[in-house]
Novice: 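Got a structure for you, questions after.
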Number of protein chains: 2
Amino acid sequence: MGIAERKEREKQQRRNAIIDAAERLIFEKGYENTTMDMVAEEAELSKGTLYLYFKSKEGLYLAINARGMKILEQMFRDAAREVTTGLEKIVNIGKAYFKFSQEFHNYFQAMIHYEAKKPDTDMELPCWDSCETQGMRTLEVVARAVETGIEDGSIRADVDPMQVAMALWGHTTGLIQVLALKVNQLEKFNDVTLEDIINTSFKMTRNGLAG
Amino acid sequence: MGIAERKEREKQQRRNAIIDAAERLIFEKGYENTTMDMVAEEAELSKGTLYLYFKSKEGLYLAINARGMKILEQMFRDAAREVTTGLEKIVNIGKAYFKFSQEFHNYFQAMIHYEAKKPDTDMELPCWDSCETQGMRTLEVVARAVETGIEDGSIRADVDPMQVAMALWGHTTGLIQVLALKVNQLEKFNDVTLEDIINTSFKMTRNGLAG
DNA sequence: ACAACAACTGACTAACAGTCATTTAATAGG
DNA sequence: CCTATTAAATGACTGTTAGTCAGTTGTTGT
């Protein structure tokens, strides 16, 4: 009796179709300027149906965020594979993150949206956990690169890999976020480019970790 | 004719009283869970009056943010004055930022709120510029500390002070933000404390900048 | 053919940001 | 002291939107 399976598959497809529709609108108009009615129309469904698949508008946006996080994890894995020493891996992962924030600017925006929320908000959403574990997996890619670096001697041995991974995650997320906000002011008032600062940051990180 | 001056003074007082009222509510219940009607009642004014003093709810929150930024700038200045070498100043400023995020958690939250917003949103608000220049002043305190460090030899000379200041600002803001979000997961799953990671970050920064 | 169940609908409600015609208070002039 | 003019404040009202739910439509198993 493959009917249950087919139904499950169809349910997932519909769910994805809704996320697709929401993405198209939110990525074009922004989260605040997109209404659930608009999403419903774009998905060719009624509004009520959206709420059968997602608990709330935030929950829907969280599902979009989950997609972005998956892409980011893959980019991190690729970045780590491209080079050999641990320190190189770290720098390359950092570059991948920056690339992600540019190429998938809208997914990055979604990530920021959730990192800015108070911890207690909407913690009960089932999607939240999935994002958390996704984040952990991504973090572990970084931590493993640090371990590699300690082993091959490219990274100083007196640090804890997971702690460094978390610190780097915070550093890079924050830097990209701040720069995204200030690009306008940046290039007019001070005569620095976004890349200048990113490179300065990489230089600092490299020196801070070198063994 | 000191009447105009008195009126101006009264206007500022009323404005401050509104911010006070909004702060009390938002800091207790959170921004999303505070309505303008609630603020009006707390301030013992009608809702319409709030809009004579602030363009929007966001504008009011931005004014709260401005208060926080002033406190932060002062803390940075104090932190820089407490120690002598440039590198020490940088580390001490970092510590001050962390302290700010703990002691004035609600102001930090307000800052995050605006750093997470898209650049184009509400850019026209008069308060925004004030926050931007406030931010620049704060950043200059950091940049000056880096300059001092280059001069006294505690910081490597091959970096641009303003670029380093911006990188550090991004790093630290991001790190604290991420940690604030993950404190729960953090201390349960991995057996690290918030302070451990902050210290790891400081260690990396110190090594990355040392001359 | 029909009962039982699942998926879907869209009109409806509640909540809230922001507005504006009207009222109230303060100031200046005669 | 009275009155005209301007400034400050009001709160009922509007428009928008997230979320709901009683009812309809379609699908499956007997």
Side-chain angles (χ1 to χ4, degrees), chain A residues 1-22 25-26 28-64 113-114 117 121-122 124-127, chain B residues 1-22 25-26 28-64 113-114 117 121-122 124-127:
Chain A
M1 192 183 284
I3 287 174
E5 284 82 351
R6 196 204 65 209
K7 282 226 166 175
E8 185 53 35
R9 217 168 43 239
E10 280 176 351
K11 229 172 173 172
Q12 281 307 320
Q13 275 178 254
R14 185 133 286 188
R15 199 186 126 93
N16 277 320
I18 293 171
I19 303 177
D20 287 339
L25 292 170
I26 292 177
E28 194 200 324
K29 305 165 158 331
Y31 178 70
E32 310 279 356
N33 301 320
T34 303
T35 71
M36 288 302 261
D37 289 275
M38 289 160 77
V39 175
E41 198 188 334
E42 177 79 19
E44 292 173 307
L45 288 167
S46 75
K47 182 152 70 147
T49 305
L50 300 189
Y51 284 91
L52 295 176
Y53 289 86
F54 299 94
K55 206 189 156 216
S56 64
K57 192 185 176 188
E58 287 283 325
L60 177 51
Y61 199 33
L62 201 56
I64 292 175
H113 181 90
Y114 284 101
K117 292 269 157 203
T121 324
D122 296 319
E124 356 68 47
L125 286 172
C127 246
Chain B
M1 192 182 285
I3 287 175
E5 284 81 352
R6 197 203 66 210
K7 283 228 166 176
E8 186 54 33
R9 217 169 42 240
E10 282 176 349
K11 231 173 174 172
Q12 280 306 320
Q13 276 177 253
R14 183 133 288 187
R15 199 185 126 92
N16 277 320
I18 293 172
I19 303 178
D20 287 339
L25 293 171
I26 292 176
E28 195 201 324
K29 303 165 163 323
Y31 178 70
E32 309 280 356
N33 301 319
T34 303
T35 71
M36 288 302 262
D37 289 273
M38 289 161 77
V39 175
E41 198 187 334
E42 177 79 18
E44 291 172 308
L45 288 167
S46 75
K47 183 152 70 147
T49 305
L50 300 189
Y51 286 90
L52 295 176
Y53 288 86
F54 299 94
K55 207 191 155 213
S56 64
K57 192 185 176 189
E58 287 282 326
L60 177 50
Y61 198 34
L62 201 57
I64 292 176
H113 181 89
Y114 283 101
K117 292 270 157 204
T121 326
D122 295 320
E124 355 68 45
L125 285 170
C127 244

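The structure presented is a predicted model; accordingly, all values stated were derived computationally and were not measured. Residue numbers begin at 1 in each chain, while the letters A, B, ... track the order of the sequences.
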Novice: Hey, could you give me the CG/CG distance between B/D20 and B/L25, rounded to the nearest 0.5 Å?
Specialist: 11.0 Å
Novice: For Watson-Crick and G-U wobble pairs within 3.5 Å on both distances, what is DNA chain D written in dot-bracket notation, | included for inter-strand pairing?
Specialist: ||||||||||||||||||||||||||||||
Novice: Rounded to the Å, how far apart are A/N33 CG and D/dT17 C1'?
Specialist: 13 Å
Novice: Are side-chain heavy atoms of B/I19 and B/Y53 found at a separation under 4.5 Å?
Specialist: no
Novice: On DNA chain C, nearest-nucleotide positions of B/K7 versus B/Y31: which is more 5'?
Specialist: B/Y31
Novice: What's the separation between atom CD in B/E28 and atom CE in B/M38, rounded to the nearest 0.5 Å?
Specialist: 8.0 Å
Novice: Roughly how far apart are A/L50 CG and A/L60 CG, rounded to 0.5 Å?
Specialist: 7.5 Å
Novice: Shortest non-hydrogen contact from B/A21 to B/E42?
Specialist: CB-CG, 3.5 Å
Novice: Does the side chain of A/R6 come within less than 4.5 Å of A/E10's, by heavy atoms?
Specialist: yes
Novice: Considering heavy-atom distances to DNA chain D, does A/T34 or B/Y53 have its closest nucleotide positioned more toward the 5' end?
Specialist: B/Y53
Novice: Going by the angle between their ring planes, with limits at 30° and 60°, are B/Y114 and B/Y61 parallel, tilted or perpendicular?
Specialist: tilted
Novice: What is the distance from atom CZ of A/R15 to atom CG of A/L52, rounded to the nearest 0.5 Å?
Specialist: 12.5 Å
Novice: Would you mind reading off the distance between A/E41 atom CD and C/dG10 atom P, rounded to a whole angstrom?
Specialist: 12 Å
Novice: Are any non-hydrogen side-chain atoms of B/R9 and B/Q12 less than 4.5 angstrom apart?
Specialist: no
Novice: For the atom pair CG (B/L62) and NZ (B/K117), what is the distance rounded to the nearest 0.5 Å?
Specialist: 11.0 Å
Novice: Within this structure, what is the CG-to-P distance between A/L50 and C/dA7, rounded to whole angstrom?
Specialist: 15 Å
Novice: Let's see if you get this right: which residues in residues 9-19 of chain A place a heavy atom under 4.0 Å from DNA chain D?
Specialist: none
Novice: Between atom CZ in B/R6 and atom P in D/dA7, what is the gap in whole Å?
Specialist: 14 Å
Novice: Check A/A63 against A/F54 and note the closest heavy-atom contact, atom names and distance.
Specialist: CB-CE2, 3.7 Å
Novice: Figure out the CG/C1' separation between A/L52 and C/dT9, and round it to whole Å.
Specialist: 10 Å
Novice: Can you give one letter per nucleotide of nucleotides 19-25 of chain D, going 5' to 3': B for a protein heavy atom under 4.0 Å from the base, S for sugar-phosphate only, - for none?
Specialist: BBB----
